[in-house]
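Order of appearance sets the numbers: ligands from 1, and atoms from 1 within every ligand.
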Amino acid sequence: MADLSVRIGSLTLRNPVMPASGCFAIEYAEALDLNRLGALVVKSVSPDARAGNPTPRVAETASGMLNSIGIPSKGLEAYRRDVLPAYTTDARFDTPVVVSVSADTAESFGEACETLSLPEVAAIEANISCPNLEADGMAFAMQAESTYKAVSAIRRRTSHPLWVKLTPNAGQIALIARAAEDAGADAIVMGNTVLGMAIDVRTRKPKLGNVMGGLSGPAIKPLAVRLVHQCHRAVRIPIIGCGGIETADDAVEFMLAGATAVQVGTASFRDPAVMVRIVDGLAAYCDANDVERIATLTGAVALDAQLSDRWLRFAQQSG
Ligand SMILES: Cc1cc2nc3c(=O)[nH]c(=O)nc-3n(C[C@H](O)[C@H](O)[C@H](O)COP(=O)(O)O)c2cc1C
């Protein structure tokens with residue numbers, strides 16, 4: 001059987017498959033063996049208590065879903081007391097736990113990540129796809145400067161492994177990924193949902209209480225694969241691919257584009273055990289294709305040399 005382990009900076013994961021933040025809860029332990037996953041990524045927490053967005057918060061679309069859940073939060077103390085222990089103290093599994101943090105200023109990002117730099121936390125994922133109050137609510141990850149500022153503020157306050165989650169809504173993704181790397185990120189998560197909107201044609205009202213929301217699921221997969229490939233061209237740190245993954249073939253596609261590991265979001269809502277099926281499918285893919293170490297798939301997309309050069313220039317110039 002192939003070696004499915006992958007390395008994300010100083011962390012070794014038993015396989016490259018993990019849940020995407022907000023699409024997983026500890027109750028999934030009833031549907032799948034959490035020891036079969038590479039890591040467990042928890043729903044984002046914000047330092048201040050927040051109610052989340054107005055309802056309705058989800059709407060179905062042709063090949064995905066729209067959500068405007070927001071980051072409902074009771075704050076960091078309640079999170080450490082009521083949420084985290086279920087992941088870190090359960091003797092049934094020893095899978096590394098990754099906390100996800102959202103904040104609305106660079107400094108509060110730094111502070112929150114320092115507070116969560118606990119020995120039982122394997123890595124911190126900074127969800128910088130969230131609104132930056134110091135820039136009229138535009139997400140930190142929309143621009144290289146604000147990405148650099150937020151990631152540096154975090155890096156100054158923690159030496160924990162730091163994953164930085166980018167947004168597919170940004171234009172110059174290569175520059176943004178490089179800003180995250182330069183500021184000290186250990187890995188890039190590419191990426192979050194794509195901004196979308198849906199309208200009920202009978203009532204003429206937006207289907208989401210917040211009017212706009214994040215599109216996820218198969219609809220965004222080709223976009224996410226392209227962004228992963230551009231990031232892979234632009235940085236040396238590992239990339240964790242995310243967006244529309246439903247099968248082992250989807251996961252392989254992200255790895256060939258440049259991902260070292262993958263996160264599964266919306267697909268788990270339909271089939272809570274899908275991640276284990278993806279792990280089994282990856283092992284079968286490796287065996288069928290004489291792949292001894294899955295890590296060798298990262299960036300192994302077959303491009304002819306000329307095309308490859310053109311891509312490299314494109315990725316470096318514009319992102
Ligand atoms: C209901 C829902 C809640 C989410 N909550 C979060 C969150 O708290 N933090 C975050 O970084 N991403 C969140 N996301 C985004 C997912 O982690 C993921 O990046 C996105 O859905 C794309 O992956 P997918 O197509 O596999 O779902 C959420 C997505 C959904 C659908």
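In terms of polar-atom proximity, defined here as any N/O pair under 3.5 Å, G244 does make such a contact with ligand 1. Where the criterion is an N or O separation shorter than 3.5 Å, residue side chain and backbone included, Q263 fails it with respect to ligand 1. Between S44 and ligand 1, at least one pair of N/O atoms sits closer than 3.5 Å.
Linking Ile, Leu, Val, Met, Phe, Trp and Tyr residues whenever their side-chain heavy atoms come within less than 4.5 Å leaves V164 and I71 in two separate clusters.
Ranking the protein heavy atoms by distance from atom 21 (O) of ligand 1 puts S216 CB, 3.3 Å first. Looking only at protein heavy atoms, the nearest one to atom 3 (C) of ligand 1 is G22 O, 3.6 Å. Among all non-hydrogen protein atoms, the one lying nearest atom 12 (N) of ligand 1 is K165 NZ, 3.0 Å. Among all protein heavy atoms, the one lying closest to atom 30 (C) of ligand 1 is N67 ND2, 3.3 Å. Closest protein heavy atom to atom 13 (C) of ligand 1: S21 O, 3.0 Å. Looking only at protein heavy atoms, the nearest one to atom 20 (C) of ligand 1 is T193 CG2, 3.7 Å. Protein heavy atom nearest atom 15 (C) of ligand 1, with residue, atom name and distance: N192 OD1, 3.4 Å. Of the protein's non-hydrogen atoms, G265 N, 2.9 Å is the one closest to atom 26 (O) of ligand 1.
Using a 4.0 Å cut-off between charged side-chain N and carboxylate O, R157 and E107 make a salt bridge.
A 4.5 Å side-chain heavy-atom check between P54 and N210 finds at least one atom pair inside the cut-off. At least one side-chain heavy atom of Q230 sits less than 4.5 Å from a side-chain heavy atom of L227.
A perpendicular orientation is assigned to the rings of F140 and F109, their planes being inclined by more than 60° (bins at 30° and 60°).
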Evaluate side-chain hydrogen bond (donor to acceptor under 3.5 Å, both in side chains) for D3 paired with S5, printing each intermediate quantity in order.
CA-CA 6 Å; D3 175 3; S5 68; 2.7 Å; yes
Passes side-chain hydrogen bond (donor to acceptor under 3.5 Å, both in side chains), S68 versus R57? Steps please.
CA-CA 5 Å; S68 62; R57 290 176 172 177; over 6 Å; no
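In summary, the atoms of ligand 1 found under 4.0 Å from a heavy atom of I71, numbered by their order in the structure, are 8 (O). For ligand 1, the atoms closer than 4.0 angstrom to any heavy atom of C242 are 18 (C), 19 (O), 22 (C), 23 (O). Near K43, meaning under 4.0 Å from one of its heavy atoms, ligand 1 places the atoms 5 (N), 6 (C), 7 (C), 8 (O).
Of the heavy atoms in C23, only side-chain atoms (C-beta onward) come closer than 4.0 Å to ligand 1.
For D82, the CG atom is densely surrounded, since the number of other residues' heavy atoms within 6.0 Å is greater than 12.
The shell of residues lying under 4.0 angstrom from ligand 1, judged by heavy atoms, includes G191.
Formation of a donor-acceptor pair under 3.5 Å by the S46 side chain with backbone atoms of S73 is not found in this model.
Screening N169, T167, N127 against N192 for a side chain to side chain donor-acceptor pair (under 3.5 Å) leaves a single residue, N127.
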